[in-house]
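Counting starts at 1 for both ligands and their atoms, in listed order. This is a predicted model, so every value here is computed, not measured.
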Amino acid sequence: MRRYCSIILCIVMTLCLVCSGCRKDNGNENANDLFVIGFSQVGSESDWRIANTRSMMETFTNDKGYELIIQNAKQQQDNQLADVRGFVLEGVDLIIIAPTVETGWENVLKEVHDAGIPVIILDRSVAVWDSNLYLTNIGSDFLEQGRRAVDWLDKQVSESVDGQETLKILHLQGTYGSTAQLMRTKALEEGVEEHKDWVIVSQLDGDFTEAKGYEVVSEYLSSNNDFDVLYSENDNMTFGAMRALDEAGITYGENGQVRIITFDASRDALQYCLDGKIDLCVECNPMSGPMVEELIKDYRAGEDIPRQVYVEEAIFTKDDLTQAMIDARPY
Ligand code: AHR
């Protein structure tokens with residue numbers, strides 16, 4: 001009899017331990033009443049990405065009633081799929097996904113939906129048939145960013161290369177299949193379509209990293225150096241490309257052989273712009289944490305939230321900048 005009692009006691013204690021480890025209590029909050037958010041982040045490939053992660057960490061703090069679990073996917077979608085499934089098993093209250101690429105999300109989003117966990121898509125977008133699989137998509141209007149760059153190129157640079165037959169553009173692309181790459185590329189290709197005297201001399205895959213930007217531009221410059229504009233889809237690739245240009249003895253910026261357009265407008269890029277080394281910085285705003293929090297608050301209060309939210313962004317040339325602005329830049 002004593003033996004049976006201790007077995008029963010063991011089972012009861014095990015059940016108690018399992019239950020106290022469960023995140024959900026009353027179907028919504030964990031044992032400490034924290035709202036648990038699983039955040040699948042692309043990686044840490046750029047200054048932009050690091051600033052975005054920081055913005056989320058600074059926003060979703062324990063003090064404010066959140067537990068933020070961040071998984072770094074190291075720029076691999078397979079890692080993200082596993083991370084999101086892990087969040088479902090943990091029973092988090094909400095999942096935020098910053099997707100590496102647009103496609104391949106249908107199945108996992110259905111699984112999350114079936115588990116009754118709301119999803120917010122952050123930064124980039126996903127291409128799924130059923131847009132009810134997520135609550136909202138908050139991030140940049142990447143096509144608009146690209147169009148702003150093309151518009152600037154049209155107004156400023158076309159004039160200064162008058163007399164030449166063509167404007168030759170070297171195109172450094174970010175991670176293939178990501179919204180940031182697809183839309184910035186689309187805008188440039190549209191611009192080239194509309195300008196018979198513009199030509200893309202080459203499209204290089206820099207995967208949004210400084211190391212890859214340096215590598216592919218160095219390789220390109222070993223056999224070609226005839227271009228007027230570098231259209232680089234993020235700042236870190238631009239910094240790598242600038243190093244490659246320095247080594248090849250090619251000058252750039254306001255008094256150089258090559259004009260540079262870069263995306264993100266991080267503090268370092270703006271400094272180069274003020275110093276006359278970069279011609280145009282197109283802003284991509286990573287400080288989206290507070291806006292995401294507002295959406296989550298509205299959702300939890302039972303209010304309708306918009307299906308698509310764009311963050312505010314601008315463009316900068318040297319004339320728009322002061323040292324004080326750059327010093328005060330949060331990223
Ligand atoms: O999706 C935003 C892009 O991703 C940023 O331009 C880039 O720096 C980042 O890695």
Heavy-atom pair of closest approach, residues V150 and A187: CG2-O, 3.4 Å
Heteroatom distance test (S46, ligand 1): nitrogen or oxygen, under 3.5 angstrom: yes
Nearest protein heavy atom with distance in Å, relative to atom 2 (C) of ligand 1: D123 OD1, 3.3 Å
Distance from atom 3 (C) of ligand 1 to nearest protein heavy atom, with residue and atom: R124 NH2, 3.8 Å
Heavy atom of M183, distance to ligand 1 below 4.0 Å: no
Check: M291 and V309 side chains under 4.5 Å, non-hydrogen atoms: yes
Quiz item: cation-pi between R259 and Y252, 6.0 Å / 45°: no
Within reach of ligand 1, part of F142 (heavy-atom separation under 4.0 Å): side chain
Side chain, backbone, both or neither: the part of R184 lying under 4.0 Å from ligand 1 by heavy atom: side chain
Pair R147 + E190: basic N to acidic O under 4.0 Å: yes
Proximal atoms of ligand 1 relative to E45 (non-hydrogen, under 4.0 Å): 4 (O), 9 (C), 10 (O)
Ring centres under 6.0 angstrom apart (Y231, F263): yes
Contacts of D235 that satisfy side chain to side chain donor-acceptor pair (under 3.5 Å) - sequence neighbours left out: T262, S266
